[in-house]
Visitor: 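Mind having a look at this structure? Questions to follow.
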Amino acid sequence: MELVKAFLILIAIFLAITLIQIIIRKSLHMNIKDIFTNRHVNSLHKKINWYMGGIGLFLWIVLLINTSASPSPSFHVFLWFIIVWALLDFMIYAFFTLKYTSKRKEILVHFAELTIWIAVVVTVINFNIFGLSV
């Protein structure tokens with residue numbers, strides 16, 4: 001039952017973020033069709049993103065092994081890892097957008113999405129929504 005609850009929460013968050021992206025794109029007179037497209041600015045950005053994904057997967061596995069070996073594994077460690085990783089991803093995206101493209105408004109949409117995700121993760125941590133041990 002908890003898995004269904006978590007899945008429904010994620011769907012609601014995804015729909016809310018998509019709606020906010022549409023509102024921001026309409027208010028900034030941007031193309032709405034770009035919501036689900038790839039956000040790589042150039043080939044270097046794509047390579048860095050792939051390396052970040054590989055390193056992130058490796059760190060995620062190491063973190064999973066380390067926390068599962070401890071007597072009281074904490075779900076919040078994973079949530080904080082997600083926040084830090086999202087911030088790093090946003091900083092790389094913002095750098096490439098500012099340096100290599102003229103679509104500077106994309107940063108606002110990406111920043112709004114990042115802010116919402118961080119707010120959701122912090123809310124889950126602070127209110128202990130899933131009832132997990134701290």
Side-chain angles (χ1 to χ4, degrees):
M1 190 63 175
E2 290 294 323
L3 187 60
V4 173
K5 179 181 168 183
F7 185 69
L8 290 175
I9 290 172
L10 284 175
I11 289 175
I13 292 167
F14 178 74
L15 291 174
I17 288 174
T18 304
L19 180 67
I20 290 171
Q21 283 183 349
I22 290 171
I23 291 169
I24 291 172
R25 286 183 180 276
K26 279 193 173 227
S27 66
L28 294 175
H29 306 291
M30 296 171 65
N31 192 359
I32 295 177
K33 294 179 183 178
D34 291 340
I35 289 177
F36 298 110
T37 59
N38 199 346
R39 293 185 178 177
H40 295 128
V41 175
N42 57 21
S43 62
L44 178 62
H45 183 214
K46 187 175 183 177
K47 282 182 188 178
I48 290 174
N49 230 6
W50 272 100
Y51 285 123
M52 272 189 56
I55 292 169
L57 179 64
F58 175 74
L59 290 175
W60 185 266
I61 291 170
V62 168
L63 186 65
L64 182 66
I65 291 170
N66 284 341
T67 56
S68 64
S70 68
S72 61
S74 177
F75 183 66
H76 301 297
V77 174
F78 293 107
L79 294 177
W80 285 111
F81 177 77
I82 290 170
I83 288 176
V84 170
W85 203 256
L87 285 170
L88 181 63
D89 181 55
F90 172 74
M91 290 186 320
I92 291 171
Y93 178 79
F95 170 77
F96 276 95
T97 303
L98 288 172
K99 184 97 172 156
Y100 296 109
T101 188
S102 61
K103 296 181 181 180
R104 306 263 157 98
K105 293 179 185 178
E106 286 289 331
I107 293 175
L108 296 173
V109 177
H110 197 66
F111 182 71
E113 180 181 0
L114 174 73
T115 304
I116 294 167
W117 276 112
I118 289 176
V120 166
V121 170
V122 169
T123 303
V124 166
I125 291 172
N126 284 337
F127 292 113
N128 201 11
I129 290 178
F130 296 112
L132 299 167
S133 62
V134 177

Visitor: Nearest 0.5 Å, what's the CD1-CG distance between I20 and L15?
Guide: 11.0 Å
Visitor: Could you list the residues that satisfy side-chain contact (heavy atoms from CB on, under 4.5 Å) with L28, not counting sequence neighbours?
Guide: I24, M30, K105, L108
Visitor: Tell me every residue that passes side-chain contact (heavy atoms from CB on, under 4.5 Å) with L59, counting only those two or more places apart in sequence or in another chain.
Guide: I55, F81, W85
Visitor: So, taking the atom named NE2 in H40 and the one named OH in Y93, what distance separates them when rounded to the nearest 0.5 Å?
Guide: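 One gets 10.0 Å once the value is rounded to the nearest 0.5 Å.
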Visitor: Heavy atoms, side chains only, cut-off 4.5 Å: are I83 and W117 in contact?
Guide: no
Visitor: Can you name the residues that form a side-chain hydrogen bond (donor to acceptor under 3.5 Å, both in side chains) with H45, not counting sequence neighbours?
Guide: none
Visitor: Can you list the residues that meet the side-chain contact (heavy atoms from CB on, under 4.5 Å) rule with L57, with sequence neighbours excluded?
Guide: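 L57 satisfies side-chain contact (heavy atoms from CB on, under 4.5 Å) with I61 once adjacent residues are dropped.
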Visitor: Measuring from atom CZ of F90 to atom CD1 of I118, what distance do you get when rounded to the nearest 0.5 angstrom?
Guide: 9.5 Å
Visitor: Using the test ring-ring contact (aromatic ring centres under 6.0 Å, His included), find all partners of Y100 that sit at least two apart in sequence or belong to another chain.
Guide: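 Scan of Y100 (ring-ring contact (aromatic ring centres under 6.0 Å, His included), adjacent residues dropped) gives F96.
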Visitor: Apply the hydrophobic cluster definition, ILVMFWY joined by side-chain contacts under 4.5 Å directly or through others, and give me every member besides I23.
Guide: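 So far as hydrophobic clustering goes, I23 is joined with L19.
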Visitor: Going by the rule side-chain contact (heavy atoms from CB on, under 4.5 Å), which residues pair with V84 if we only count those two or more places apart in sequence or in a different chain?
Guide: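 Partners of V84 under the side-chain contact (heavy atoms from CB on, under 4.5 Å) test: none.
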Visitor: Any donor-acceptor pair under 3.5 Å linking the side chain of R25 with the backbone of V109?
Guide: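 Not a single qualifying donor-acceptor pair exists.
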Visitor: Got a second to check how far I107's CD1 is from L114's CG, nearest 0.5 Å?
Guide: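 Going from the CD1 atom of I107 to the CG atom of L114 covers 12.0 Å.
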Visitor: Do W60 and I48 belong together in a cluster built from hydrophobic side chains that touch within less than 4.5 Å?
Guide: yes
Visitor: Test: salt bridge (charged side-chain N to carboxylate O under 4.0 Å, His left out). Region: residues 113-126. Which pairs qualify, not counting sequence neighbours?
Guide: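 Listed once each, the pairs are R39-E113.
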Visitor: Write out all pairs satisfying salt bridge (charged side-chain N to carboxylate O under 4.0 Å, His left out) with one or both partners inside residues 85-95, taking only residues at least two apart or from two chains.
Guide: none
Visitor: Can you tell me how far CD1 of I116 sits from OG1 of T123, rounded to the nearest 0.5 angstrom?
Guide: 11.5 Å
Visitor: What's the separation between atom CZ in R104 and atom CG in L98, rounded to the nearest 0.5 Å?
Guide: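 Reported value, rounded in 0.5 Å steps: 5.5 Å.
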